Q: 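Structure in structure tokens, see below.
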Amino acid sequence: MFSSYLLPLGILLLSVLSLGHSIDTAAAVDFSLSRRASNIRQELGPKLSKDAVIIDAESGDMAAATKRWQVFASPSFSAVVEVATENDIVETIAYANAHSIPFLAVNAGHGEIKSLANMKDGIQITIRALNKITINEDNTATVQGGATNLEITQELWAAKKQTVSGTCECVGFLGPMLGGGHGWIQGLHGLAADQIIKARVILANGTIVSASTTENPDLFWALRGAGHNFGIVSEVTNKIYDVPDSDEWYFEKYTYTGASVDQLFDQLEKIKRDTPPELQFYSVFLNIPAIDSTQALVFMAMLYNGPASAADKWMAPFRTFNPIDIEKGSTTYPELSALTGNGINDDICQHEPINRIRYPLYLDGMKKGVPKQVYNLYNATTAQYPALNRSLMLFEGLSTQAVRSVQLDTTAVALRKFHTLASPVVTYAPDAALDQVAQDFGRELRNILHRAEGTPEMYAYVNYAVGEEDIESIYGYRGWRVAKLKTLKKHLDPENRFRFYAPIVSS
Ligand SMILES: Cc1cc2nc3c(=O)[nH]c(=O)nc-3n(C[C@H](O)[C@H](O)[C@H](O)COP(=O)(O)OP(=O)(O)OC[C@H]3O[C@@H](n4cnc5c(N)ncnc54)[C@H](O)[C@@H]3O)c2cc1C
Ligand SMILES: *[C@@H]1O[C@H](CO)[C@@H](O)[C@H](O)[C@H]1NC(C)=O
Ligand SMILES: *[C@@H]1O[C@H](CO)[C@@H](O)[C@H](O)[C@H]1NC(C)=O
Ligand SMILES: *[C@@H]1O[C@H](CO)[C@@H](O)[C@H](O)[C@H]1NC(C)=O
């Protein structure tokens, strides 16, 4: 297969060389890439464990191996190494470094940020097979870098344990954590990153190190908030918690029309200072033509970690804003993702080749009338451009008590005080003719909220960032934090090999 591929390429190269300068460079690049991919197979292959798999365009299905949650501004790869051991990662990095090939760890493939598109023709190091979870005696769990949220929730639940992990089942467990990591029980226990006790990290030069408060404490600090910039984490040991004896989650889910937006958000604003750590909300503007084909709707889930009797005082007002539907009931922790449309079988977990561009903004509060302006733009634009009608406008209100109680300088997580995480997710089948309209739509939804804040600073969650934000938006406006991250980058990753996901140093 190799030689039959080489031959026509060689002829092509010869023939374009005689055609002129403008195309011969492109053809030469193609030629060297295909050679590079087969070299990777031949040279790196023997160094890997027996279960590792190398895939490239000649030997396998690259489209399947590089499938992502969203495809706008995707990274591109000339080969994929599906590792089976930690040492496979070390060998792959050593090989990539020796040949100056860029590399990127990929787990569940939900990374969205545009900086990923700076990865061109590199090696994708797929770590998904390293997903072992071990529950230790001392209320900790050791979790390999390729585990997912679903896996951690299920494994721990079977042992009557839980920990903070992302709310969507198909997303990786470590990807969110390395940038903070929001989850259902963060109000009680802090962010996912706040649970890390120690980590094993493969640095840019392939060296494996431990990081904890006592070993490589600077790296440990950076991993919790800016981790994607510092290494491939093969394993973390995290705090876990006993599930309370009566773990009930009472919920109510409401569907409203746009007419209820003002009341709904005014009420959220009224209670935001007093909500207990047990209470979470999750609201989405969306189109559901089966219910109403004339206007965008508002979905709202309120989840309370306790019985209906304790939740009632918080939920009662939301029943009075004329919902067109209410669903209520009680469930348990592992069911929360499916309950809010974030389960493994829900649409959100089916990887389609679709653009999903997110423009996040952390909010302290929302001024009167502003959510309605957002609704109006959402409603009007998705009506005007049906191709954008699967877009979503999310407002996530996970409680923050234990998140805020962590001292700001103890981790690289810069943004802890915000109660609401707002984000449009502009969703459409790839169509270059729509890219401008789509991005302007997302930017303006965010801008409406940002302008109303009345501050020039814009706060964006690193794991939702679109990649247009200033570095301070993501890693904090206090100068020392970005300065410290940059200094650590110089020591730990002098060649800036980890530069594709919300880079601290762009090169
Ligand atoms: C549908 C959806 C729901 C989400 N829900 C939440 C949520 O509830 N809470 C939350 O905090 N965030 C959430 N996010 C954002 C999420 O944190 C990021 O998308 C995260 O980067 C996804 O990780 P992944 O493994 O799925 O993606 P990938 O694209 O595989 O990885 C993302 C980045 O993390 C790096 N990375 C992954 N694993 C490792 C590792 N072991 N060591 C070093 N680097 C690694 C990769 O190199 C890449 O740069 C959500 C995103 C989506 C799309
Ligand atoms: C939503 O948009 C549609 C189509 O433009 C419009 O007819 C309707 O009045 C809008 N609804 C609201 C509540 O603004
Ligand atoms: C989007 O628009 C198309 C075309 O008008 C329609 O068929 C589809 O049902 C709409 N989908 C949503 C989610 O509104
Ligand atoms: C790898 O990088 C780390 C951090 O800069 C350094 O301490 C270590 O000595 C390096 N190892 C090798 C083998 O160069």
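None of these values were measured; they are calculated from a predicted model. Below, all heavy atoms of this structure are taken into account, side chains as well, without hydrogens, waters or symmetry copies. Counting convention: from 1, in listed order, for ligands and their atoms alike.
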Q: Using a 3.5 Å distance criterion without hydrogens, assess whether the side chain of R356 forms a donor-acceptor pair with backbone atoms of V425.
A: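 Side chain of R356 to backbone of V425: no pair is present.
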Q: Does some non-hydrogen atom of the protein lie less than 4.0 angstrom from atom 14 (O) of ligand 4?
A: yes
Q: Can you sort out which atoms of ligand 1 are near H182, meaning under 4.0 Å from one of its heavy atoms?
A: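 So the answer, numbered in order with elements, is 7 (C), 8 (O), 9 (N), 10 (C), 11 (O).
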Q: Quick test of your reading of the structure: of W184, Y282, Y464, whose heavy atom lies closest to atom 13 (C) of ligand 1?
A: Y464
Q: Under 4.0 Å from a heavy atom of E112: give me the atoms of ligand 1 that qualify, with their elements.
A: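 That gives atoms 51 (C), 53 (C) of ligand 1.
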Q: In the protein, which heavy atom is nearest to atom 4 (C) of ligand 2, and how far is it?
A: A383 CB, 3.8 Å
Q: Identify, by atom number and element, the atoms of ligand 4 in contact range of N205, meaning under 4.0 Å from any of its heavy atoms.
A: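 What qualifies from ligand 4 is 1 (C), 2 (O), 3 (C), 8 (C), 10 (C), 11 (N), 12 (C), 14 (O).
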Q: If the cut-off is 4.0 Å to any non-hydrogen atom of H491, which atoms of ligand 4 fall inside it?
A: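 Near H491, the atoms of ligand 4 are 4 (C), 5 (O).
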Q: Is any side-chain heavy atom of M393 closer than 4.5 Å to one of V426?
A: no
Q: Kindly confirm or rule out a cation-pi arrangement of K489 over F230, judged by NZ or CZ under 6.0 Å from the six-membered ring centre and within 45° of its axis?
A: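 Pair K489/F230 counts as cation-pi.
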Q: For the pair E495 and K490, find out whether any cationic side-chain nitrogen is under 4.0 Å from an anionic carboxylate oxygen.
A: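 No salt bridge links E495 with K490.
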Q: Under a 4.0 Å heavy-atom limit, does R358 contact ligand 1 with its side chain, its backbone, both, or neither?
A: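 The answer is the side chain.
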Q: Short list, please: which atoms of ligand 1 are under 4.0 Å from a heavy atom of V106?
A: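 Listed by number with element, the hits are 30 (O).
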Q: May I ask whether Y461 has any heavy atom positioned less than 4.0 angstrom from an atom of ligand 1?
A: yes
Q: Can you classify the ring geometry of F321 versus Y256 as parallel (below 30°), tilted (30 to 60°) or perpendicular (above 60°)?
A: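 Taking Y256 first and then F321, their aromatic rings sit tilted (interplane angle of 30° to 60°).
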Q: If we only count heavy atoms from C-beta on, is the W69 to V171 side-chain gap below 4.5 Å?
A: no
Q: Would you mind telling me if ligand 1 is within reach of the side chain of N463, the backbone, both or neither, using heavy atoms under 4.0 Å?
A: both
Q: Under 4.0 Å from a heavy atom of H228: give me the atoms of ligand 1 that qualify, with their elements.
A: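 So the atoms of ligand 1 that pass are 33 (C), 34 (O), 35 (C).
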Q: Would you indicate whether C349 and C170 have their SG atoms under 2.5 Å apart?
A: yes
Q: Measuring to protein heavy atoms, does anything land under 4.0 Å from atom 11 (N) of ligand 4?
A: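 For atom 11 (N) of ligand 4 the answer is yes, since some protein heavy atom falls inside 4.0 Å.
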Q: Looking at R68 and E352, is any side-chain nitrogen of the basic one under 4.0 Å from a carboxylate oxygen of the acidic one?
A: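 No, this pair does not count.
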Q: Classify the side-chain pair S234/E86 by whether it contains a donor and acceptor separated by less than 3.5 Å.
A: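 E86 and S234 do have a side-chain donor-acceptor pair below 3.5 Å.
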Q: Could you tell me the residue and atom name of the protein heavy atom closest to atom 42 (N) of ligand 1, and the distance to it rounded to 0.1 Å?
A: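 Ranking protein heavy atoms by distance from atom 42 (N) of ligand 1, first comes V233 N, 2.8 Å.
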Q: Under 3.5 Å, is there a donor-acceptor pair linking the side chains of Y501 and E112?
A: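 Looking only at side-chain atoms, E112 and Y501 do not form any donor-acceptor pair under 3.5 Å.
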Q: What's the shortest distance from atom 46 (C) of ligand 1 to any protein heavy atom, and which residue and atom give it?
A: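 Sorting protein heavy atoms by distance from atom 46 (C) of ligand 1 puts A105 O, 3.0 Å first.
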Q: Of all the atoms in ligand 1, which lie at a distance below 4.0 Å from a heavy atom belonging to I127?
A: 38 (N), 39 (C), 40 (C), 41 (N)
Q: Using a 4.0 Å cut-off to any heavy atom of L104, which atoms of ligand 1 qualify?
A: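 Here the atoms of ligand 1 in question are 47 (O), 49 (O).
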Q: Please state which part of F500 comes within less than 4.0 Å of ligand 1, counting heavy atoms only: side chain, backbone, both or neither.
A: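 None of F500 does.
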Q: With atom 43 (C) of ligand 1 as the reference point, say which of G231, S115, S165 has the nearest heavy atom.
A: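 Considering heavy atoms of G231, S115, S165, the nearest to atom 43 (C) of ligand 1 sits in G231.
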Q: Could you tell me whether R356 approaches ligand 1 through its side chain, its backbone, both or neither, with non-hydrogen atoms closer than 4.0 Å?
A: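 It is neither part, as no heavy atom is under 4.0 Å.
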Q: To which protein heavy atom is atom 8 (C) of ligand 2 closest, and what is the distance rounded to 0.1 Å?
A: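 Result: N379 ND2, 3.8 Å.
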Q: What I'd like to find out is whether the side chain of P334 reaches to under 4.5 Å of the side chain of Q154, using heavy atoms alone.
A: no
Q: Would K368 and D266 pass as an ion pair if we require N to O under 4.0 Å?
A: yes
Q: Are R224 and F220 in a cation-pi setup, meaning NZ or CZ lies under 6.0 angstrom from the ring centre and within 45 degrees of the ring axis?
A: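 Judged by the rule, R224 and F220 form a cation-pi pair.
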Q: Which atoms of ligand 1 sit under 4.0 Å from any heavy atom of G109?
A: 24 (P), 26 (O), 27 (O), 28 (P), 29 (O), 30 (O)
Q: Which is closest to atom 37 (C) of ligand 1 by heavy-atom distance: A199, G175, G111?
A: G175
Q: Hey, does Y254 have a side-chain heavy atom less than 4.5 Å from the side chain of M302?
A: yes
Q: For ligand 1, is any non-hydrogen atom under 4.0 Å from L178's backbone (N, CA, C, O), its side chain (CB onward), both, or neither?
A: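 The answer is the side chain.
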Q: Would R358 pass as a cation-pi partner of Y464, given that its NZ or CZ must be under 6.0 Å from the six-membered ring centre and within 45 degrees of the axis?
A: yes
Q: Which atoms of ligand 2 sit under 4.0 Å from any heavy atom of Q295?
A: 13 (C)
Q: Under a 4.5 Å cut-off applied to non-hydrogen side-chain atoms, are I89 and I208 in contact?
A: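 A side-chain contact is absent here, since even the closest heavy-atom pair is not under 4.5 Å.
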Q: Just to confirm my output: which protein heavy-atom neighbour is closest to atom 7 (O) of ligand 2, and how far is it?
A: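 Of every protein heavy atom, T294 O, 4.3 Å lies nearest to atom 7 (O) of ligand 2.
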Q: At a 4.0 Å threshold, what atoms of ligand 1 neighbour a non-hydrogen atom of G172?
A: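 With G172 as reference, the close atoms of ligand 1 come out as 24 (P), 25 (O), 26 (O).
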Q: At a 4.0 Å threshold, what atoms of ligand 4 neighbour a non-hydrogen atom of T207?
A: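 So the answer, numbered in order with elements, is 1 (C), 10 (C), 11 (N), 12 (C), 13 (C).
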Q: For a side chain to side chain contact (heavy atoms under 4.5 Å, CB included) check, start with the C-alpha distance between Y241 and K161, then their side-chain angles and the critical distance, and finish with the verdict.
A: CA-CA 5 Å; Y241 304 90; K161 306 281 183 189; over 6 Å; no
Q: Determine, counting only non-hydrogen atoms of the protein, whether one lies under 4.0 angstrom from atom 2 (O) of ligand 2.
A: yes
